[in-house]
Student: 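Take this structure, written in structure tokens, and hold onto it; I'll ask about it next.
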Amino acid sequence: MDPKTAPARASKTTSLNDLDELVVKCRACPRLVRWREQVAHEKRAAYADQVYWGKPVPGFGPSDAKMLIVGLAPGAHGANRTGRLFTGDQSGDVLFAALHRVGLANQATATGLGDGLTLFDVRMSAPVKCVPPQNKPTTEERHNCSPFLAHEIELLAPTLKVIFVLGGFGWVALLAVLKDAGWIVPSPRPKFGHGTTLNLTHPDGRSLAVVGCFHVSQHNTFTGRLTPSMLDETLTLAKELAGMR
């Protein structure tokens, strides 16, 4: 099994567990492979005594989730270190605290695999599974990785009602994945905005709401562009659209 062809085999998987295992083995993008492994080797001084994950980061959460939270890619010293999306960095600290406040997580913190975190009716994923240099994957890298997210959404289809998107880059990447997967995406594609809600349909009769939210980056949270109340409000909106209590 050639790990460089992992994305091409994504649609053949029949469960999220099998898909996640395939994601972890992927080596389809040479630049991303080199970078994620370099970061894992050099480390940040604060984590010098830790073993970094240094591999693609799969989705996280239940297989019958009603909501999917989508960012863009793993953080260099967060998910690329801990092996779980949004875990181990300040952006994740903001997100998980909010998820706990609105009743979508059992605890307000996330430090690493095995920390006891449970998400309720929510799964997390990303269009790009490896940490990219300067947080900027190329168009080709996004395209290479898109079959993973596309099939993840298909496997969640029986229950998925809402995709909650963090940031403009994630919004653009997600809409491209959905369009390629057959969803009817308006042209020109709607622009990202905090609180923007897009209702999509699929030719097979499915419907899906996409809700935009400013990214939980340090820049946005430190400057007040995204406040805790703003994050809570958009998560609550997504929760209501998903029919969750």
Side-chain angles (χ1 to χ4, degrees), residues 3-4 6-7 10 23-47 52-60 68-95 124-150 152-153 163-181 185 188-194 196 210 212-223 225-226 231:
K4 293 182 180 180
V23 166
V24 172
K25 296 175 182 176
C26 185
R27 299 181 68 85
C29 301
R31 187 181 80 114
L32 297 188
V33 171
R34 288 194 301 271
W35 180 247
R36 78 191 190 208
E37 293 178 354
Q38 179 181 333
V39 171
H41 173 72
E42 294 178 351
K43 306 181 182 181
R44 177 173 285 173
Y47 309 122
Y52 274 53
W53 175 257
K55 293 176 283 190
V57 182
F60 167 66
L68 181 66
I69 297 178
V70 173
L72 176 62
H77 302 283
N80 191 57
R81 173 174 61 88
T82 64
R84 193 173 67 198
L85 291 169
F86 294 106
T87 300
D89 58 29
Q90 290 181 312
S91 295
D93 291 344
V94 171
L95 178 59
M124 295 181 167
S125 191
V128 178
K129 306 299 186 184
C130 295
V131 56
Q134 300 179 325
N135 293 320
K136 294 180 179 179
T138 66
T139 300
E140 181 181 7
E141 288 162 352
R142 291 205 312 264
H143 179 75
N144 286 349
C145 212
S146 64
F148 291 131
L149 181 58
E152 189 169 13
I153 291 170
I163 300 182
F164 187 82
V165 190
L166 291 163
F169 289 115
W171 177 272
V172 170
L174 172 69
L175 292 186
V177 168
L178 290 174
K179 182 175 176 60
D180 289 345
V185 177
R189 293 178 187 174
K191 292 182 179 180
F192 169 78
H194 182 78
T196 296
V210 180
C213 177
F214 288 144
H215 198 281
V216 287
S217 66
Q218 292 182 50
H219 173 75
N220 285 344
T221 57
F222 285 179
T223 62
R225 188 183 192 214
L226 178 65
L231 182 54

Student: Given 3.5 Å as the limit, does a donor-acceptor pair link the side chain of Lys129 with the main chain of Ala126, or not?
Tutor: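 Yes; judged by distance alone, with no hydrogens or angles, the pair exists.
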
Student: For His41 and Tyr52, does a side-chain donor sit closer than 3.5 Å to a side-chain acceptor?
Tutor: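 No - no donor-acceptor pair under 3.5 Å links their side chains.
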
Student: Arg84: what forms a side chain to side chain donor-acceptor pair (under 3.5 Å) with it, not counting sequence neighbours?
Tutor: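 Result, side chain to side chain donor-acceptor pair (under 3.5 Å) vs Arg84: Thr87, Asp115.
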
Student: Indicate yes or no: at least one non-hydrogen side-chain atom of Leu95 is less than 4.5 angstrom from one of Met124.
Tutor: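 They are in side-chain contact.
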
Student: Using the side chain to side chain donor-acceptor pair (under 3.5 Å) criterion, which residues pair with Arg27? Sequence neighbours excluded.
Tutor: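 Side chain to side chain donor-acceptor pair (under 3.5 Å) check on Arg27 returns Glu37.
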
Student: Determine whether Val172 and Phe192 make a side-chain contact, defined as any pair of heavy atoms from C-beta on separated by less than 4.5 Å.
Tutor: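 Counting from C-beta outward, Val172 and Phe192 never come under 4.5 Å.
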
Student: Are Leu32 and Asn144 side-chain neighbours, meaning at least one heavy-atom pair lies under 4.5 Å?
Tutor: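 No, every pair of side-chain atoms sits at 4.5 Å or beyond.
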
Student: Name all residues meeting the salt bridge (charged side-chain N to carboxylate O under 4.0 Å, His left out) criterion together with Arg31; count only those two or more places apart in sequence or in a different chain, and write none if there are none.
Tutor: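 Checked Arg31 against salt bridge (charged side-chain N to carboxylate O under 4.0 Å, His left out); matches are Glu141.
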
Student: Which atom names give the shortest non-hydrogen contact between Pro147 and Pro7, and what distance separates them?
Tutor: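 The pair with the smallest heavy-atom distance is CB-O, 3.3 Å.
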
Student: Measure across Glu152 and Gly59 and return the closest heavy-atom pair with its distance rounded to 0.1 Å.
Tutor: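 In terms of heavy atoms, the two residues are closest at OE2-CA, 3.8 Å.
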
Student: Is the shortest heavy-atom distance from the side chain of Cys26 to the side chain of Pro3 under 4.5 Å?
Tutor: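 Answer no - side chains too far apart.
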
Student: Please round to the nearest 0.5 Å and tell me the distance separating atom OG of Ser125 and atom CD1 of Ile69.
Tutor: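 Taking OG in Ser125 and CD1 in Ile69, the distance rounds to 11.0 Å.
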
Student: So, using salt bridge (charged side-chain N to carboxylate O under 4.0 Å, His left out) as the criterion, who are the partners of Arg189 when residues are at least two apart?
Tutor: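 None.
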
Student: Using every non-hydrogen atom in the two residues, find where Trp53 and Pro58 come nearest and quote the distance to one decimal.
Tutor: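 The answer is CZ2-CD, 4.4 Å.
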
Student: Return the minimal non-hydrogen interatomic distance between Phe222 and Gln90, and the atom names on each side.
Tutor: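 The answer is CZ-OE1, 4.0 Å.
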
Student: Heavy atoms, side chains only, cut-off 4.5 Å: are Pro74 and Arg36 in contact?
Tutor: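 The answer is no; the side chains never approach within 4.5 Å.
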
Student: Give a yes or no on whether the backbone of Gly88 and the side-chain of Arg81 come within a donor-acceptor separation of less than 3.5 Å.
Tutor: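 Flag set: sc Arg81 to bb Gly88 pair under 3.5 Å.
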
Student: For His143, enumerate each residue passing the side chain to side chain donor-acceptor pair (under 3.5 Å) test, keeping only those at least two apart in sequence or located in another chain.
Tutor: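 His143 satisfies side chain to side chain donor-acceptor pair (under 3.5 Å) with no residue once adjacent residues are dropped.
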
Student: Below 4.5 Å, heavy atoms only, C-beta onward: do Leu174 and Ile153 meet side chain to side chain?
Tutor: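 Answer yes - side chains close enough.
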
Student: With sequence neighbours excluded, what pairs up with Cys213 under the side-chain contact (heavy atoms from CB on, under 4.5 Å) test?
Tutor: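 Per chain and number, Cys213 pairs via side-chain contact (heavy atoms from CB on, under 4.5 Å) with Phe164, Leu166, His194, Leu226, Leu231, Thr234.
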
Student: Does Asn220 reach the main-chain N or O of His215 with its side chain, forming a donor-acceptor pair under 3.5 Å?
Tutor: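 Yes; judged by distance alone, with no hydrogens or angles, the pair exists.
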
Student: Between Phe60 and Leu85, does the side-chain contact (heavy atoms from CB on, under 4.5 Å) criterion hold? Intermediate values first, please.
Tutor: CA-CA 7 Å; Phe60 167 66; Leu85 291 169; 5.5 Å; no

Student: I need the Cys29 SG to Arg34 CZ distance, nearest 0.5 Å.
Tutor: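 Result: 10.5 Å between the selected atoms.
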
Student: On a heavy-atom basis, which atom in Phe169 and which in Leu72 lie closest, and how many Å separate them?
Tutor: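 Where Phe169 meets Leu72 most closely, the heavy atoms are CB-CD2, 3.7 Å.
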
Student: Are Val210 and Val70 side-chain neighbours, meaning at least one heavy-atom pair lies under 4.5 Å?
Tutor: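 Result no, sub-4.5 Å side-chain heavy-atom pair not found.
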
Student: Report yes if some heavy atom in the side chain of Pro137 is under 4.5 Å from a heavy atom in the side chain of Arg142; otherwise report no.
Tutor: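 They are in contact (side-chain heavy atoms under 4.5 Å apart), so the answer is yes.
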
Student: Say you draw a straight line from OG of Ser217 to CZ of Arg225; how long is it, rounded to the nearest 0.5 Å?
Tutor: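 These two atoms lie 8.0 Å from each other.
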
